Asker: 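This structure is in structure tokens; I'll ask about it shortly.
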Amino acid sequence: MRKLIIIISVLIFAAGCTVKYSFTGASIPPDAKTVFIADFKNMAPLVNPALSNDLTEALKDKFVNQTSLKIGDENADLYFEGTITNYNTQPTAIKSDDIASKNRLTISIKVKFTNSKDPKANFDTSFSRYQDYDSQNSLSDVEDELVRLIIEDLVDDIFTKAVVNW
């Protein structure tokens, strides 16, 4: 009988929790059902034509695959909008003969997040990530892979800031 009372108490307590948890570490208000991710505007001086779409779709995929949220419209419970502010490559390691041995591709973005269920979680933040590559490679030879890796990092940063409350 005592075990039954303990089990029932634990079940009642667990049912009364107000935060959803997932195996990804996401902590989303239980009444949040939808997320909207507006297309990222590309305002960088140097434009990669596919970057805006690739970044937007990667962020959508992250939320669809790692949360129970559905993609909604502009009135969604969680709302993201952003701008690509920088896309550049520059030398990072110079050899003794003044020739770069490594170059760095950097992508910077600004993201505004609005959580209609928990306004304290709102933010307007810049994120920046980079990947280095051997200067013997031209950017066009390695660009697709570097951009893919940088987008993964940026999406993880955005997701973590928005819904992972460690």
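Values reported hereafter were calculated over all heavy atoms of this structure, with side chains retained and with hydrogens, waters and symmetry mates removed. Note that this is a predicted model, so its numbers are computed, not measured.
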Asker: Under 3.5 Å, side chain of T56 to main-chain N/O of F40, donor-acceptor pair present?
Answerer: yes
Asker: With under 30° as parallel and over 60° as perpendicular, where do the rings of F123 and F80 fit, or are they tilted in between?
Answerer: perpendicular
Asker: Would you call D54 and R148 a salt bridge, taking side-chain N to carboxylate O under 4.0 Å as the test?
Answerer: no
Asker: For a quick test of reading the model, state the closest non-hydrogen atom pair linking A58 to V155 and the distance between them.
Answerer: CB-CG2, 3.8 Å
Asker: State whether the side chain of N122 and the backbone N or O of N115 hold a donor-acceptor pair below 3.5 Å, judged by distance alone.
Answerer: yes
Asker: Tell me if a side-chain donor or acceptor on T85 pairs with a main-chain N or O of S108 at a distance below 3.5 Å.
Answerer: yes
Asker: Could you check whether D124 pairs with K112 (Lys NZ or Arg NE/NH1/NH2 to Asp/Glu carboxylate O, under 4.0 Å)?
Answerer: no
Asker: With a 4.0 Å cut-off, would you call K117 and D77 a salt bridge?
Answerer: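 Result for this pair is yes, salt bridge flagged.
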Asker: If I take atom CD1 from residue I107 and atom CG from residue L55, how far apart are they, to the nearest 0.5 angstrom?
Answerer: 8.0 Å
Asker: Sub-3.5 Å donor-acceptor pair from the side chain of T34 to the main-chain atoms of I71, do we have one?
Answerer: no
Asker: Where is the tightest heavy-atom contact between L69 and A32, given as atom of each residue plus distance?
Answerer: CD2-O, 3.3 Å
Asker: Which residue in the set D132, N88, T89, T92 passes side chain to side chain donor-acceptor pair (under 3.5 Å) when paired with R104?
Answerer: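 Going through D132, N88, T89, T92 one by one, the side chain to side chain donor-acceptor pair (under 3.5 Å) with R104 is satisfied by D132 alone.
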Asker: Can any side-chain N or O of N42 pair as donor or acceptor with the backbone N or O of A44 at less than 3.5 Å?
Answerer: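 Checked: pair present.
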